[in-house]
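Input: a single structure, listed below in structure tokens.
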Amino acid sequence: MPPNPAAPLPAGTQRRTPLFVNRPSDTIIITIDGPAGTGKSSVARALARRLGLDLLDTGAMYRAAAAIAIDRGIDLAYPDRIVAALEEADLHFDWAADPPVILAWTRPIDHRIRDEDVTAIVSQIAAIAPLREHMVRKQRVIWEQHPRLVAEGRDQGSVVFPHANIKFYLDASASVRAARRAGQLKAAGHDVDPQDLVAEITHRDQLDSTRAVGPLICPDDAVRIDTSDLSFDQVVDRLESIVHERVTGI
Ligand code: DC
């Protein structure tokens, strides 16, 4: 039975995109964007698993670029050199792994991309215009090769895949995101002041949403979900039910 476009959506969500109908063989692209600390990556992974789609973690690509810049000793004042190194590195994923593992120069680089020095500079790396152009091109090629995809990042619905079947934008208050991050850091044995984290997150939001290229924005046609008061499973359930409502044959 075709989905009913007039059916009510779960509380807290808005319908903005037109209804798309897909057959199983069709391409499908679901984008999930939003700031750090909304649980986006884990949600995207769980959603992709439930729906049997491939997962594209674009943050891993920007993190890999930052790791390459550091490990090759390339100064951020020379963006062209970073882009040249990236072209040579031919970033790609090993899709046989779950989640897919990112490789540079055919070697896995996933063990490096969450290190503190990488996290410290990745926002600056992600603001380099030619580097973003390189990533956008690569991400579109990945979709050609993996045409049933959940793509997660900051600009996936707004820039990279404006024609996406469904665009999600996950958000949460800065204090909730800081508390989640504090929990993760504590679990990893780091002692942190939540107030410092609120300031850090607010600063990063400001950088991400005001940069000239690919800024973090919520596209007009995205389904925006505030995850502040929702559990992880509630968020995944909500996304999954919206996908099933709008896309048949998935
Ligand atoms: O989601 P993450 O924390 O792994 O992202 C790492 C950095 O990359 C973060 O500063 C935002 C940036 N990023 C981006 O600018 N565009 C994307 N599509 C994905 C990530």
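Values below: every heavy atom of this structure, side chains too, minus hydrogens, waters and symmetry copies. Just so it is clear, the model here is predicted, and its values are computed rather than measured.
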Is Tyr78 atom OH crowded by more than 12 heavy atoms from other residues, nucleotides or ligands, each under 6.0 Å away?
no
So do Val160 and Arg140 actually touch side chain to side chain, heavy atoms under 4.5 Å?
yes
For residues 127-137, pull every pair meeting salt bridge (charged side-chain N to carboxylate O under 4.0 Å, His left out), keeping only residues two or more places apart or in separate chains.
Arg132-Asp155
State, to 0.1 Å, how close Ala69 and Leu76 come at their nearest heavy-atom pair, and which atoms those are.
CB-CD2, 4.5 Å
From Gln156 CD over to Ile32 CD1, what is the distance, rounded to the nearest 0.5 angstrom?
10.5 Å
Measuring only between side-chain heavy atoms, which start at C-beta, is Leu86 closer than 4.5 Å to Lys138?
no
Does Val83 share a hydrophobic cluster with Val159, counting links as ILVMFWY side-chain heavy atoms below 4.5 Å and allowing steps through other members?
yes
Under the 3.5 angstrom rule, does the side chain of Lys167 hit a backbone N or O of Asp33 as a donor-acceptor pair?
no
Answer yes or no: is there a side-chain heavy-atom contact under 4.5 Å between Glu240 and Val243?
no
Let me check something: do Ile113 and Ile74 share a hydrophobic cluster, defined by ILVMFWY side-chain heavy atoms less than 4.5 Å apart, either directly or through other members?
yes
Nearest heavy-atom approach of Pro219 to Gly157 is CG-C, 4.0 Å
Taking C-beta and beyond as the side chain, do Thr227 and Arg180 meet within less than 4.5 Å on heavy atoms?
yes
So, do Pro35 and Asp171 sit near enough that their side-chain heavy atoms are less than 4.5 Å apart?
yes
Quick check for you: to the nearest 0.5 Å, what is the distance between Ser42 atom OG and Leu47 atom CG?
12.5 Å
Check for me, please, whether Leu91 and Val101 land in the same ILVMFWY cluster - side-chain distances under 4.5 Å, paths through other members count.
no
Are Ile201 and Val43 connected in a single hydrophobic cluster, I mean Ile/Leu/Val/Met/Phe/Trp/Tyr linked by side-chain heavy atoms less than 4.5 Å apart?
no
Would you call Arg63 and Asp110 a salt bridge, taking side-chain N to carboxylate O under 4.0 Å as the test?
no
Nearest heavy-atom pair of Ile102 and Ala60: which atoms, and what distance?
CD1-O, 3.7 Å
So CZ of Phe161 and CD1 of Ile29: to nearest 0.5 Å the spacing works out to 4.0 Å
Using a strict threshold of under 4.0 Å (side-chain N to carboxylate O), is an ion pair present between Asp71 and Arg107?
no
Do Ile30 and Leu239 make a side-chain contact, defined as non-hydrogen atoms from C-beta onward lying under 4.5 Å apart?
no
If you look at every heavy atom in Lys40 and Leu170, which pair is closest and at what distance?
CA-CD1, 4.0 Å
Flag side-chain contact, heavy atom, 4.5 Å: Leu51 against His244:
yes
Can you name the ring pair (Phe, Tyr, Trp, His ring centres under 6.0 Å) partners of His146, sequence neighbours left out?
Trp95
For the CG atom of Leu103 and the CZ atom of Phe93, what is their distance to the nearest 0.5 Å?
9.0 Å
Evaluate the criterion side-chain hydrogen bond (donor to acceptor under 3.5 Å, both in side chains) for residue pair Ser228 and Asp226; output intermediate values, then yes/no.
CA-CA 6 Å; Ser228 302; Asp226 188 330; 2.6 Å; yes
Between Asp237 and Arg50, does at least one N-O distance fall below 4.0 Å, as a salt bridge requires?
yes
Joint hydrophobic cluster, Val176 plus Val235, side-chain heavy atoms closer than 4.5 Å
no
More than 12 heavy atoms of other residues, nucleotides or ligands under 6.0 Å from CG of Asp75: is that the case?
yes
Where do Ala46 and Phe232 come nearest, in terms of heavy atoms and distance?
CB-CZ, 3.8 Å
Would you indicate whether the side-chain heavy atoms of Gln234 and Asp229 approach each other to under 4.5 Å?
no
Decide yes or no on side chain to side chain contact (heavy atoms under 4.5 Å, CB included) for Arg72 and Glu88, but give the supporting numbers first.
CA-CA 12 Å; Arg72 298 248 143 177; Glu88 209 188 280; 3.9 Å; yes
List the steps and the verdict of side chain to side chain contact (heavy atoms under 4.5 Å, CB included) for Met61 and Ile142.
CA-CA 12 Å; Met61 298 173 75; Ile142 288 172; 4.3 Å; yes
Hey, could you give me the CD1/CD1 distance between Ile28 and Ile166, rounded to the nearest 0.5 Å?
6.5 Å
The complete set of salt bridge (charged side-chain N to carboxylate O under 4.0 Å, His left out) pairs with one or both residues in residues 190-207, sequence neighbours excluded, reads Arg177-Asp205
Heavy-atom closest contact (Ala48 atom, Leu55 atom, distance):
CB-CB, 4.0 Å
Looking at Asp57 and Arg45, is there a salt bridge between them, counting it only when a charged N and a carboxylate O are closer than 4.0 Å?
no
Show your reasoning for whether side chain to side chain contact (heavy atoms under 4.5 Å, CB included) applies to Gln139 and Leu56.
CA-CA 8 Å; Gln139 289 157 12; Leu56 173 59; 4.1 Å; yes
For the CD1 atom of Ile82 and the CG atom of Leu131, what is their distance to the nearest 0.5 Å?
7.0 Å
